Amino acid sequence: MDVMDASAPTHIAHRDNHTHRDVNGGWLRPAVFGAMDGLVSNLALMTGVAGGAVSQQTIIITGLAGLAAGAFSMAAGEYTSVASQRELVLAELDVERRELRKHPKDELEELAALYESRGVEPELAREVARQLSKDPEQALEIHAREELGIDPSDLPSPAVAAVSSFGSFALGALLPVLPYLLGASQLWPAVLLALVGLFGCGAVVARVTARSWWFSGLRQLALGGAAAGVTYVLGALFGTAVG
């Protein structure tokens with residue numbers, strides 16, 4: 001089967017057949033991985049404690065404590081990481097802004113040379129650089145994109161990153177605790193719900209990868225299940241030794 005319809009106008013065929021996945025994942029990737037992290041870590045924590053043959057109340061407290069501790073830790077870490085990255089970017093933009101103000105001709109030549117290195121004829125490269133450099137803010141944006149690989153108008157927000165990390169982790173960590181909060185007295189409903197959640201998260205991740213949804217779901221199910229199984233065995237061994 002032909003990928004492109006030869007009878008279609010070139011621009012229409014190109015438009016219909018030249019689309020790509022979002023390789024950065026957008027908001028979906030960090031949200032899903034945050035939930036997955038919360039789910040796996042809290043499931044493993046709860047199964048490890050349950051392996052030590054503790055009371056139902058202890059497992060619930062452990063799960064809620066793991067949820068709160070993990071969510072706050074994720075939020076704090078994400079805030080610090082994004083804030084530090086943002087501060088570094090702003091500092092570099094200030095350096096570039098000063099250079100544009102103090103050495104405009106050198107910066108113009110630098111931009112023209114960059115276009116030349118990409119195959120643009122020297123005269124045309126210089127003219128393009130000259131026209132783009134008329135507006136200082138536009139010049140700054142172009143230099144930032146070309147030299148630093150960043151978009152000054154699209155810097156990440158530390159607060160948004162922290163809140164989204166907190167929410168996605170807490171949502172994932174809540175799944176294994178939920179059956180106990182609803183009255184379950186055994187571990188298996190929590191494990192079952194968590195495994196279903198792991199498969200679902202893996203399937204959603206397939207939207208930003210080239211893998212099929214069932215492969216991605218089963219892979220995450222296997223990894224999360226293995227983590228829970230190992231911690232349960234360790235909990236049982238430690239519980240026996242301490243007991």
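Fair warning: this is a prediction, and the values are worked out from it, not measured in the lab. Just so you know, these numbers use all the heavy atoms, side chains as well, and skip hydrogens, waters and symmetry mates.
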With rounding to the nearest 0.5 angstrom, report the [atom1] to [atom2] distance, [X] to [Y].
X	Y	atom1	atom2	value
L132	H143	CG	NE2	9.0 Å
L90	L155	CG	CG	6.0 Å
D106	L111	CG	CG	12.5 Å
L108	K134	CG	NZ	11.5 Å
M46	I61	CE	CD1	11.5 Å
R98	L140	CZ	CG	11.5 Å

Which atoms form the tightest heavy-atom contact between [X] and [Y], and what is the distance?
X	Y	answer
L67	F169	O-CE2, 4.0 Å
P176	A194	CB-CB, 4.3 Å
L45	G66	CD2-CA, 3.8 Å
A35	C201	CB-SG, 4.5 Å
E116	A125	CG-CB, 3.6 Å
A227	V40	CB-CG1, 4.2 Å

[X] atom [atom1]: more than 12 heavy-atom contacts under 6.0 Å:
X	atom1	result
Y79	OH	no
Y232	OH	no
E123	CD	no

Applying a strict under-4.5 Å side-chain criterion to I, L, V, M, F, W and Y, I'd like to know whether [X] and [Y] cluster together.
X	Y	result
L187	L195	yes
V128	L114	yes
V95	V89	no
L100	I150	yes
V204	L171	no

Considering only heavy atoms from C-beta outward, does the side chain of [X] approach that of [Y] to under 4.5 Å?
X	Y	answer
E107	S133	no
V233	F238	no
E146	R118	yes
V177	N42	yes
L181	L174	yes
S84	T80	yes
Q56	Y180	yes
W214	L218	yes

Exam field: side chain [X] to backbone [Y], donor-acceptor pair closer than 3.5 Å:
X	Y	value
S73	A69	no
R86	P156	yes
S216	G202	yes
S168	S165	yes
T47	T231	no

Would you call E96-R101 a salt bridge at under 4.0 Å N-O?
-> no
Side chain to side chain contact (heavy atoms under 4.5 Å, CB included) partner of L198, chosen from L39, L223, L175, L193 = L39
